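Below is one structure, written out as structure tokens, with a few remarks after it.
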Amino acid sequence: MHKYKELEIWKRAIDLTVDVYDLTKNFPEDEKFGLTSQIKRAAVSVPSNIAEGAGRNSNKEFNQFLGISTGSIFEVETQLIIAERLNFLTRDQTEKVLQKSDELVRMTKSLKNKLI
């Protein structure tokens with residue numbers, strides 16, 4: 001079992017989630033139950049799966065949850081791109097969060113390799 005609160009990857013995933021919540025504050029009200037809700041759920045899933053995996057009994061299980069977390073990162077990235085194309089976000093706003101998500105993907109891959 002790993003102490004997830006001590007993992008830098010978990011801390012950065014929390015930061016990504018906070019960034020997503022900040023960005024979606026200005027989305028149109030009629031998107032509250034659409035894209036806004038979907039992107040928030042995907043963002044919350046990233047640190048949640050890291051934490052859940054860290055609490056499992058084996059590195060193999062942890063590795064599996066890191067894979068799910070990576071999928072959620074890609075989901076967030078896709079939804080940010082959609083939001084930008086819908087003019088809910090500027091290119092600069094999107095790019096800042098995409099850079100953070102790219103780093104998180106690299107960190108996840110590195111941790112997965114260490115767990116093998």
Side-chain angles (χ1 to χ4, degrees):
M1 229 183 322
H2 302 267
K3 296 179 181 180
Y4 71 92
K5 291 179 187 175
E6 295 176 9
L7 295 172
E8 185 64 28
I9 190 172
W10 178 81
K11 293 173 186 176
R12 295 226 189 155
I14 293 288
D15 292 342
L16 177 73
T17 303
V18 171
D19 289 346
V20 166
Y21 268 74
D22 286 343
L23 285 176
T24 59
K25 283 179 185 176
N26 296 319
F27 279 20
E29 184 63 30
D30 64 342
E31 281 298 327
K32 184 177 182 179
F33 299 108
L35 186 58
T36 306
S37 176
Q38 185 68 29
I39 195 170
K40 285 179 176 180
R41 280 195 311 269
V44 167
S45 176
V46 177
S48 298
N49 276 295
I50 293 167
E52 185 172 355
R56 295 299 174 135
N57 294 322
S58 71
N59 284 348
K60 182 179 178 183
E61 288 179 292
F62 190 11
N63 204 324
Q64 181 180 2
F65 277 90
L66 289 172
I68 295 167
S69 180
T70 300
S72 294
I73 295 168
F74 292 149
E75 188 176 353
V76 169
E77 289 178 348
T78 298
Q79 292 160 356
L80 288 171
I81 293 165
I82 291 168
E84 180 186 335
R85 300 248 336 247
L86 292 170
N87 295 314
F88 299 162
L89 297 172
T90 65
R91 180 74 184 142
D92 187 52
Q93 289 173 309
T94 304
E95 200 54 44
K96 285 179 185 177
V97 179
L98 289 177
Q99 287 173 3
K100 289 181 180 183
S101 68
D102 286 344
E103 178 65 23
L104 200 51
V105 168
R106 284 191 294 278
M107 291 176 74
T108 303
K109 287 180 182 179
S110 176
L111 181 55
K112 284 174 68 68
N113 287 335
K114 290 176 185 175
L115 294 173
I116 295 174

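Positions are given from 1, in the same order as the sequence printed here. From a predicted model like this one, the values you see are computed outputs, not experimental measurements. Excluded from the calculations below are hydrogen atoms, water molecules and symmetry mates; all remaining heavy atoms, backbone and side chain alike, are included.
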Output a table of donor-acceptor pairs, distance under 3.5 Å, between side-chain atoms of residues 109-116 and any protein atom two or more places apart or on a different chain; print 'none' if there are none.
unit_1	atom_1	unit_2	atom_2	d
Lys112	NZ	Asn63	O	3.0
Lys112	NZ	Asn63	OD1	2.4
Asn113	ND2	Lys109	O	3.3

Quick one: does Ser69's side chain have a donor or acceptor within less than 3.5 Å of a partner on Phe65's backbone?
no

Side-chain donor/acceptor of Glu95 to backbone N/O of Arg91, under 3.5 Å:
no

Test item: side-chain donor near acceptor, Gln79 and Glu75, under 3.5 Å
yes

With distance as the sole test, does Thr108 use its side chain to make a donor-acceptor pair with the main-chain N or O of Leu66 at under 3.5 Å?
no

How about Pro47 and Thr17: do any of their side-chain heavy atoms sit closer than 4.5 Å?
yes

Would you check if the side chain of Thr70 reaches a backbone N or O of Val105 as a donor-acceptor pair within less than 3.5 Å?
no

In terms of hydrophobic clustering (I, L, V, M, F, W, Y; side-chain heavy atoms under 4.5 Å; direct or indirect links), are Ile73 and Tyr21 co-clustered?
no

Considering the options Thr36, Leu35, Leu23, which one meets the side-chain contact (heavy atoms from CB on, under 4.5 Å) requirement together with Phe88?
Leu35

I'd like to check Tyr4 versus Ile9 (side-chain heavy atoms, cut-off strictly below 4.5 Å). Are they in contact?
no

Indicate yes or no: at least one non-hydrogen side-chain atom of Leu80 is less than 4.5 angstrom from one of Gln93.
no

Looking only at heavy atoms, the pair that brings Ser72 and Ala42 closest together is CB-O, 3.6 Å

Any Lys/Arg nitrogen of Asp19 or Lys100 sitting under 4.0 Å from an Asp/Glu carboxylate oxygen of the other?
yes

Pairing of Asp92 and Lys96 as salt bridge, 4.0 angstrom limit
yes

